[in-house]
Amino acid sequence: MNPSIVPHPDQTNLSQGALRFILSLRAVGEGHISSVTFRQGVVLSDGSLELEPEPDLAIAARAESHDDGSVTFRRHDCSSRLDEMVLFPYTPAQRNGLEDLRLVRFENGDGSTVYYGTYTAYSGATIASEILETRDFESFELRPLQGSAARNKGMALFPRKFGKDYVMLGRQDGESLYLLRSTDLLSWEHGEILARPEYAWELIQIGNCGAPIELEEGWLVLTHGVGAMRKYSIGALLLDRDDPSRVIGRTAVPLLSPSDEAREGYVPNVVYTCGALAHAGRLIMPYGVADSSVSFASMDLAELLAMLSPPAAARSPIARDVEPIRDRTDA
């Protein structure tokens with residue numbers, strides 16, 4: 001469930017206009033304990049998807065804990081498939097789950113890239129935010145985050161710095177979406193409110209659905225809204241490209257709402273994603289269906305941006321359900 005998606009480090013031997021990707025997934029096993037697993041695939045130039053076959057084996061990564069509460073995971077054999085590897089909880093803070101990894105390909109100022117992923121560590125009694133780092137998806141460093149903001153779920157990192165600051169989205173009050181800044185990647189304090197619930201479909205809570213996506217028009221932020229009957233839908237914000245604290249567009253109705261087949265499952269009435277990507281003028285979004293399966297949605301970015309209205313104008317007393325955005329294929 002709850003997938004995120006990033007470009008693969010290896011983009012060789014592809015047809016023109018294609019993009020190889022890595023998909024992260026939250027897997028839940030016996031005892032409701034969550035772990036992290038991966039799939040691989042290709043987005044073709046027409047927006048269609050080709051997933052590599054699901055492996056027959058699942059192998060726990062080798063783990064080594066450190067005195068600072070971090071842990072290093074390594075694949076047993078770098079020649080083995082990434083999608084055969086599972087990252088199981090290892091430290092006391094993670095004992096009951098690694099939940100909702102939000103992967104992002106981060107661009108350093110020197111032109112190099114690194115992959116980060118924020119996630120929730122659950123000890124069985126308390127939650128905390130932690131961060132994964134990898135450059136090759138063969139070894140992974142998982143470290144706890146510090147500060148008042150790290151005691152909450154749903155943190156998502158912007159894919160580059162703003163000046164000297166890392167910038168993060170988070171939820172600090174169980175209701176609204178916040179913008180956080182820090183010069184230290186591992187330390188985050190209370191931020192400023194970015195968006196509050198406005199519409200019926202998000203009246204109980206609003207949060208992010210993964211790392212912001214940089215477009216020429218601004219930062220596209222997919223959001224989740226929780227409405228009546230704990231119904232989870234997906235919408236979007238557009239933030240100013242130079243000043244991400246300024247909301248310049250917002251969806252008054254969801255982009256994606258639970259359809260009939262999503263109303264029952266492990267967690268009913270939910271569609272949810274932890275990250276999407278933009279490719280060839282389209283938004284490619286994997287999403288969880290009732291925490292029981294994963295589907296994909298695709299939408300023309302120009303059409304999506306046309307749905308966004310300035311916050312002051314994007315007001316509706318009751319937001320209606322809309323059909324899932326098209327080109328959905330089960331995975």
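Everything numeric here is computed off the predicted structure, so don't read it as measured data. Sequential numbering from 1 along the given sequence is applied to the chain's residues.
Rounded to the nearest 0.5 angstrom, S129 OG and M155 CE are separated by 5.0 Å. To the nearest 0.5 Å, atom CG of residue L87 and atom OG of residue S24 are 10.0 Å apart. Here the CZ-CG distance, from R102 to N2, works out to 8.0 Å after rounding to the nearest 0.5 Å. Summarising the geometry, atom CD1 belonging to I5 is positioned 12.0 Å from atom CZ belonging to R39; distances are rounded to the nearest 0.5 Å. Atom CG of L237 and atom CD1 of I248 lie 10.5 Å apart (nearest 0.5 Å). Interatomic distance, R171 CZ to I193 CD1, rounded to the nearest 0.5 Å: 13.0 Å.
Side-chain contact between S35 and L98: absent, with no pair of heavy atoms (C-beta onward) separated by less than 4.5 Å. Looking at heavy atoms from C-beta onward, C274 lies in side-chain contact with D100 at the 4.5 angstrom threshold. Under the 4.5 Å side-chain criterion, counting only non-hydrogen atoms from C-beta, E133 is not in contact with Y115. Side-chain contact between V43 and F21: present, with at least one pair of heavy atoms (C-beta onward) separated by less than 4.5 Å. Side-chain contact between L238 and V247: absent, with no pair of heavy atoms (C-beta onward) separated by less than 4.5 Å. Using a 4.5 Å heavy-atom cutoff, the side chains of Y287 and S295 are in contact. Side-chain contact between R95 and P89: absent, with no pair of heavy atoms (C-beta onward) separated by less than 4.5 Å. You'll find the side chain of Q94 stays beyond 4.5 Å of the side chain of S123, heavy atoms only.
Nearest heavy atom pair, residue L180 against residue A149, reads CD1-CB, 3.8 Å. The two residues P53 and D83 come nearest to each other via the heavy atoms O-OD2, 4.1 Å. Minimum interatomic distance between L185 and L145 (heavy atoms only, all atoms of both residues): O-CD2, 3.6 Å. Looking at every heavy atom in both residues, H279 comes nearest to G17 through NE2-O, 2.8 Å. The two residues T134 and E138 make their nearest non-hydrogen contact at OG1-N, 4.2 Å. A pairwise comparison of heavy atoms in V42 and A18 identifies CG1-CB, 3.8 Å as the closest pair.
By the criterion of side-chain heavy atoms lying less than 4.5 angstrom apart, applied directly or through intervening Ile, Leu, Val, Met, Phe, Trp or Tyr residues, L256 is grouped together with L220 in one hydrophobic cluster. Hydrophobic clustering (ILVMFWY, side-chain heavy atoms < 4.5 Å, transitive): L304 and I234 are in one cluster. L186 and F140 are assigned to two separate hydrophobic clusters, defined by single-linkage of ILVMFWY side chains at heavy-atom distances under 4.5 Å. Note: the hydrophobic cluster containing L255 also contains M285 (ILVMFWY, side chain heavy atoms under 4.5 Å, direct or indirect links). Hydrophobic clustering of Ile, Leu, Val, Met, Phe, Trp and Tyr side chains at less than 4.5 Å, counting indirect connections, keeps I22 apart from L51.
Under the 3.5 Å distance criterion, the side-chain polar atoms of S4 are matched with a main-chain donor or acceptor of L101. Side chain of N108 to backbone of D110: no donor-acceptor contact under 3.5 angstrom is found. Between the side chain of H76 and the backbone N or O of A60, at least one donor-acceptor pair lies under 3.5 Å. Not one N or O on the side chain of S187 forms a donor-acceptor pair closer than 3.5 Å with the backbone of G147. Side-chain atoms of T251 come within 3.5 Å of backbone atoms of A236 as a donor-acceptor pair (strictly under, hydrogens ignored). Of the possible donor and acceptor atoms, none in the side chain of E130 sits under 3.5 Å from a partner among the backbone N and O of Y119. Judged by distance alone, with hydrogens and angles left aside, the side-chain atoms of H8 form a donor-acceptor pair with the main-chain N or O of D10 at under 3.5 Å. Formation of a donor-acceptor pair under 3.5 Å by the E202 side chain with backbone atoms of E198 is found in this model. Checked by atom type and distance alone, the side chain of R75 pairs as donor or acceptor with a backbone atom of F137 at under 3.5 Å. Proximity of a side-chain donor or acceptor of T273 to a complementary backbone N or O of P286 within less than 3.5 Å is detected.
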Inset, instruction - Any chance you could lay out the side-chain contact (heavy atoms from CB on, under 4.5 Å) test for L23 and Q40, step after step, and finish with the verdict? - result: CA-CA 6 Å; L23 187 75; Q40 300 177 92; over 6 Å; no
Inset, instruction - Assess whether side-chain contact (heavy atoms from CB on, under 4.5 Å) is satisfied between M85 and F38, documenting all intermediate values. - result: CA-CA 7 Å; M85 182 193 67; F38 301 95; 3.6 Å; yes
Legend entry - Trace of the side-chain hydrogen bond (donor to acceptor under 3.5 Å, both in side chains) decision for T113 with R105: CA-CA 7 Å; T113 59; R105 184 176 66 176; 5.5 Å; no
Inset, instruction - Would you please test L44 and L49 for side-chain contact (heavy atoms from CB on, under 4.5 Å) and show each step? - result: CA-CA 6 Å; L44 300 178; L49 298 169; over 6 Å; no
Inset, instruction - Begin from the C-alpha positions of V28 and I33 and carry the test side-chain contact (heavy atoms from CB on, under 4.5 Å) through to its verdict. - result: CA-CA 5 Å; V28 177; I33 294 175; over 6 Å; no
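Side-chain contact of E141 with T72: a donor-acceptor pair under 3.5 Å is present, judged by distance alone. Side-chain atoms of D184 and S182 form no donor-acceptor pair, as typed in the model, at a separation below 3.5 Å.
Not counting sequence neighbours, the partners of E175 by the side-chain contact (heavy atoms from CB on, under 4.5 Å) test are D173, P197. Taking T118 as the reference, nothing meets the side chain to side chain donor-acceptor pair (under 3.5 Å) condition, with sequence neighbours excluded. Applying the ring-ring contact (aromatic ring centres under 6.0 Å, His included) rule to Y116 yields the partners F106; only residues at least two apart in sequence or on another chain are considered. For H190, the ring-ring contact (aromatic ring centres under 6.0 Å, His included) test picks out Y178, with sequence neighbours left out.
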Residues 158-170, side-chain donor-acceptor partners within the protein, below 3.5 Å, at least two apart:
residue : atom : partner : partner atom : Å
R160    : NE   : E214    : OE1          : 3.2
R160    : NE   : E214    : OE2          : 3.4
R160    : NH2  : E214    : OE2          : 2.9

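The local environment of CZ in R196 is sparse, with at most 12 non-hydrogen atoms from other residues, nucleotides or ligands closer than 6.0 Å. At most 12 non-hydrogen atoms from other residues, nucleotides or ligands lie less than 6.0 angstrom from CG of N13.
Listed by first and then second residue, the side-chain hydrogen bond (donor to acceptor under 3.5 Å, both in side chains) pairs that reach into residues 47-65 are D46-S48, sequence neighbours excluded.
Between Y272 and H224, the ring planes lie tilted relative to each other; the angle falls in the 30° to 60° range.
For K153 and E99, the salt-bridge test passes: some basic side-chain N is under 4.0 Å from an acidic carboxylate O.
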